[in-house]
Amino acid sequence: MSEEKKPEERKKRRTATEAASKIGPMVKASIGGTVQAREEGKPLAYSFICCCYDEIIRAMDVVPIWTENYAGVCGAKRDAQRFLERAESENFSRSLCTYALCGLGFDAWREELGEMPPEAPWGGQARPDMMLGSGQMLCDPRNKWYQAAQHYMPDVPIYDVGLPWPPYEDDYDYREVQDYYVKYIVRELKGLVKFLEKHTGKKMDWERLSGLVDLTDKTWNLIWEAYELRRAVPTPMGTGDAMNTMVPMVFMMGTQECYDYYKDLYDELKLKIANKEGVIPDEKYRLIWGGGLPSWFALSDFNYFNSKGAVFPVETTYRMIEATYNFDMDLSKISDPLEHIAWRWVKFWTYWHDKARKRPGSHPDVERLIKYIEDYKIDGIVMHEAFSCRSWHVGLIWQLNLLKKVYRDIPSLILESDIVDISSYNEVDTRAKIDAFIDTLEAVKR
Amino acid sequence: MSQYFAGVDIGSTMTKVVIMNQSVLASVIGPTGPEHRKLANRVMEEALGKAKLPFEDITYVVATGYGRINVPFADKQITEISCHARGVAYLLPEARTVIDIGGQDSKGIKLKDGRAVDFVMNDKCAAGTGRFLEVAAEELGVKLEDMGKLSLEAKKAVSVSNTCTVFATHEVVTKLSKGAALPDIIAGLHEAIATRVYGMLRRLKIEREVALTGGGAKNIGLVRAMEAKLGFAVLVPPEPLLTGAIGAALLGKDIVKEAEEKGTTLARAERRLQEATLFT
Amino acid sequence: MPEKVALKGLAAADRYYQDYGFRARELKKQGQKVIGYLCAFVPAELITAAGLVPFRIKGDVNEPITKADTEMETIVCPLVRSCFDMALKGNYEFLDGLVVPHACDSICRTYDVWKYTLDLPYAHFINMPHGTGDASLDFYGDILNTFRASLAKFTGKEISDQALAGAIKLHNQNRAKVKELYELRKASPPLISGEELTKVLIAAMSLPVEESIEMLGSVIAEVKGRGEVSARKPARIMVIGAQVDDIAFIKLIEDSGAWVVADDLCPGAREFLSSVDVTTDPVAGLAERYLRKIKCGRTYREMEGNYEEYLEDRFGHIGRMIDDFGVDGVVLYIYKYCDPFGFEVPQIKSYVEAKGTPVLYLEDEYSMSTIGRLRTRIQAFLEMLVK
């Protein structure tokens, strides 16, 4: 009916690295893989990223369906509207997380038909055997989305893992409470193991799990080292690529494939640096993507930035790792895999607390920005406010204000649209904002 | 003695009055304009003239529509949801779902035993209402009345990705300048409205037959677009703009009948046509 | 000053409602410290036990949000934004501290914005877990003890188990009074209107607990004593939602031809109709009530049994209230950008409709600028209820 190009015909977005260009097919294969796993009767679990259960489900051969990823794919292929509309017709508010709306609309439709909705992107999202929610400070959809999905799949059980971390407060240090946080997380993870054992009929192989936990530590360190290579001038890789290269980090953690991927990336970046090969030949402005998930249907905006001489050597988004050897605790001494995971989690989320204590009036989120600005030689900061996501997109204004207050005035830009809902995005308007920002950067340079 | 009932429907764009006993005796349709407070009595006067009836002979007057609170001579105010339901139940008794697309809002109503039992409304966003077409028509340089006809000449509707009226209009003007055919664009706009309305309607669990009322029902392009979305034909009453007023009059009739059966007295407004003042 | 003594009953409630924070300001002048808090999930018992005055922060539906937008994104729950706007506009300049629970993203993710912008002498985030299992309950006990220690540091005085038990007793008494008031809504017509009751509860949340108990007592006596209030209205409505901290919405429903006789709101039944168990370790009793007894979409209730039983566990109290209070229709009133309630709409609607009670689902912006649209929908709903 429409004269618009089918998504496949759309020009493929140019990436700076080979590693990033490999991702599309990997994601497609992984989604197709879940559909096949369904047919083969393997246990499937709806899962959220960054919930401490990567190694645990891998150790039990449970196949994850990363529901956020599927929604992101629908968004990137500009085929999310019909699922958002279906969710809305079920009486879900359009102001809710659009990943969740896309997923809920899809599930409602699939359950109604008894098969995948017509022309479902990349084969569709398979029906799960269980759903793994997560109660955290990250976001509410993590414990409400699957609970809502259960309305369409009342026979599918849910386990909700509690994963808090100590907040940054003035009158106590996180070390005063970390013990009971870890204790709680370990109990929750134990509960997860019990749940998985019950619903797969398999027992946990603890040795295998320990091996995967060890592999994950190594992978974290490798990713950190690879990303730190981007400090080079010119930078060999930008955020546009990182939005691809994050895929193994969040969807394949705890697998050898994931480790190997980052090894390849590391080698590729090292080679580029040796050849002084940057994302663009004439790097004028180095920017940090300081917050917010990208608009999955508008990743080409990064290319637009590039065309204006701007690169993004570093981002906070989806950089969900730190080098474990930089923690103030020797994790290798923690042999119990669940305790190890729990400590790694708490240490990650409190990583920047100490730095914040050293600078009056500061905050860990801002310290992270400052470190990157200095290490990566950053001229300006760009953030994205996605209207449907409160977890990553609230506090951006405040962070920028605080950054300027405790550190220095630095050119900044906040883009507005959404992660999946394309009707919120205006390309002309966005590009105009980018142009104006470039002008500011140029003026500051002089 | 004959009983006569009046329904006054003050919509955001059009004001409609009907006078009926067993059937419609007289009807008037006029633009509401910004001074609708002063208008209601004039339109009523015109209707009475057509029906050749003095105002005192009107047994009961029901006002509906967004301007219903500005009808001082109304005996009762009832929402347009209940009135459209009642009107459709009379005009198209097989209907179980009503879609009303007005100038500035759109509604979906579920019927059961001739009454409204559930509804959805969009009165916040222009997309999905007549306003969407009005704005687009102006930008495209086409008469609003011609939009429907033109859309039927389309070879292939051009889809509109923006759901906001302002951005969508900009989008189609751009597409037109890039060579897209005008009928194709207009068809795309109708499709966009139908999509919005259908999406809203789905919250109701649509049941056949489906009736289409309001100004939108007079647009053949929009009727076809809705049918395409629904996957079946819709029923359209002979004069879609009068559904609400007819329903209002009939609800007045029901109220009087019930009062007579129960022997209760009804509160009635003064049978005097006057303008609504700020203190009414 | 004698004002406090002279006013009783509904007149007192009206005074404290119209001039919200009146008593807190007076107490501040007398040298007391006032701790503001967001949301019914803050165990105000601990604040009372610390010798501080707990004060529930509210927004203003009639005031357009302006100043808040310079610091806080507009994709946050409009109620939270309004509360923040009020704080920035000086309505709460008497506060010595701010306590915020991990209720929802809009509250959790804006805590730092509140803390750094208002820069009060005291601030604390109660990291309440989401789950209701034993591990979560134990963790929550530890969290509450951290809060307790934090308050002690602020006041320079330990909070003894005895003091806490005493505070719990008082707050339970407060809740018992509200429960008594709710009983008066069961009558037909109800002895107290929804508008009046809402006003009373909002007034109560601004008062120290002893004064609240006193006010509620006088309201109950007055309402019981005055007999039947007015003509019968055709419909009895229950309102379900998060925080309704203004009479405007309730009044809109009642002016359209109904009584609001029941609710699942805060302030409201959700907040007041469950008490703290008296336990050896008072913190355990607090943890139990706030995590398990209060039924709110923010808490992830562990599923036991099948799906129907799960819905009954989560929403059964709504079904019981519909029966006990003779409810004809339910208005589900949810703010835009609200995750805990927004995700539950289909389930709540389905549960209530399965019981044979019609549901009107309204999504709103919190401000009263939308009142015209709401009026049409409410009126249409009421027309449908009355046959």
Side-chain angles (χ1 to χ4, degrees), chain A residues 90-93 95-97 100 104 133-137 139-145 147-148 150-151 154-155 157-158 160-162 164-172 176-177 180-181 183-184 187-188 190-191 361 363 365 385-391 393-399 401-402, chain C residues 69-77 102 104-106 108-113 115-117 122-125 127-131 133-136 138-139 142-143 146 149-150 153-154 297-298 300-303 306-308 310 334 336-340 342-347 349-350 361 363:
Chain A
E90 296 286 323
N91 278 312
F92 289 108
S93 163
S95 68
L96 296 175
C97 165
L104 288 165
S134 172
Q136 331 180 340
M137 290 148 81
C139 78
D140 289 336
R142 279 156 187 257
N143 59 76
K144 301 304 292 181
W145 173 352
Q147 193 183 47
Q150 223 178 17
H151 200 54
D155 57 313
I158 301 176
D160 205 68
V161 195
W165 62 78
Y168 181 74
E169 294 273 46
D170 296 329
D171 62 356
Y172 69 90
E176 296 173 51
V177 299
Y180 72 70
Y181 272 78
K183 189 168 123 201
Y184 173 51
R187 282 175 80 177
E188 291 286 282
K190 279 202 171 113
H363 185 276
D365 291 347
E385 187 186 320
F387 79 77
S388 75
C389 177
R390 266 158 289 296
S391 67
H393 307 88
V394 168
L396 300 181
I397 299 171
W398 160 78
Q399 267 182 55
N401 288 344
L402 190 62
Chain C
D69 293 350
T70 59
E71 293 283 341
M72 192 181 279
E73 283 77 5
T74 56
I75 56 175
V76 170
C77 160
H102 185 180
C104 62
D105 284 344
S106 286
C108 169
R109 309 300 284 178
T110 58
Y111 171 63
D112 289 321
V113 182
K115 188 163 94 174
Y116 279 73
T117 312
Y122 179 76
H124 192 88
F125 176 78
N127 202 1
M128 189 178 170
H130 284 104
D134 289 341
S136 298
D138 291 344
F139 173 72
D142 288 327
I143 288 288
T146 296
S150 166
K153 215 182 227 171
F154 179 61
R298 140 313 133 207
Y300 179 82
R301 297 190 75 76
E302 307 293 332
M303 183 174 181
N306 62 28
Y307 188 64
E308 274 72 41
Y310 190 39
I334 311 291
K336 216 172 148 180
Y337 300 117
C338 177
D339 300 297
F343 276 101
E344 296 204 329
V345 169
Q347 283 163 328
K349 200 163 188 283
S350 154
Y361 164 46
E363 190 191 34

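Residue numbers start from 1 in every chain, and the chains themselves are labelled A, B, ... in the order their sequence lines are given, proteins ahead of strands. It should be emphasised that the depicted structure is a prediction, and the values quoted were computed from it without experimental measurement.
Across all non-hydrogen atoms, the minimal contact from C:Phe125 to A:Pro167 is CD2-CG, 3.9 Å.
Of the two parts of C:Cys104, the backbone and the side chain both hold a non-hydrogen atom closer than 4.5 Å to a non-hydrogen atom of chain A. Heavy atoms of C:Glu344 lying under 4.5 Å from chain A belong exclusively to its side chain. Of the two parts of C:Ser350, only the side chain, counted from C-beta on, holds a non-hydrogen atom closer than 4.5 Å to a non-hydrogen atom of chain A. Interface remark: A:Val394 contributes backbone and side-chain atoms alike to the contact with chain C (heavy atom separation under 4.5 Å). Contacts of A:Gln399 with chain C are absent, with no heavy-atom separation under 4.5 Å from either backbone or side chain. Only the side chain of A:Asn401 comes within contact range of chain C, with at least one heavy atom under 4.5 Å from a heavy atom of that chain. Contacts between C:Met72 and chain A at a heavy-atom distance below 4.5 Å involve the backbone alone (N, CA, C, O). Of the two parts of C:Lys153, only the side chain, counted from C-beta on, holds a non-hydrogen atom closer than 4.5 Å to a non-hydrogen atom of chain A. Of the atoms belonging to A:Gln147, heavy atoms from both backbone and side chain fall under 4.5 Å from chain C. For a residue to count as touching a neighbouring chain, one of its non-hydrogen atoms must lie under 4.5 Å from one of that chain's; by this rule A:Leu402 touches chain C with the side chain only. Residue contact with chain C, scored on non-hydrogen atoms closer than 4.5 Å, involves the side chain of A:Leu104 exclusively.
If you tally non-hydrogen atom pairs under 4.5 Å between each of C:Tyr111, C:Tyr122, C:Phe154, C:Phe139 and chain A, the highest count goes to C:Phe139. Taking A:His393, A:Gln150, A:Glu90, A:Glu188 one by one and counting their heavy-atom pairs under 4.5 Å with chain C, the maximum is reached by A:Gln150.
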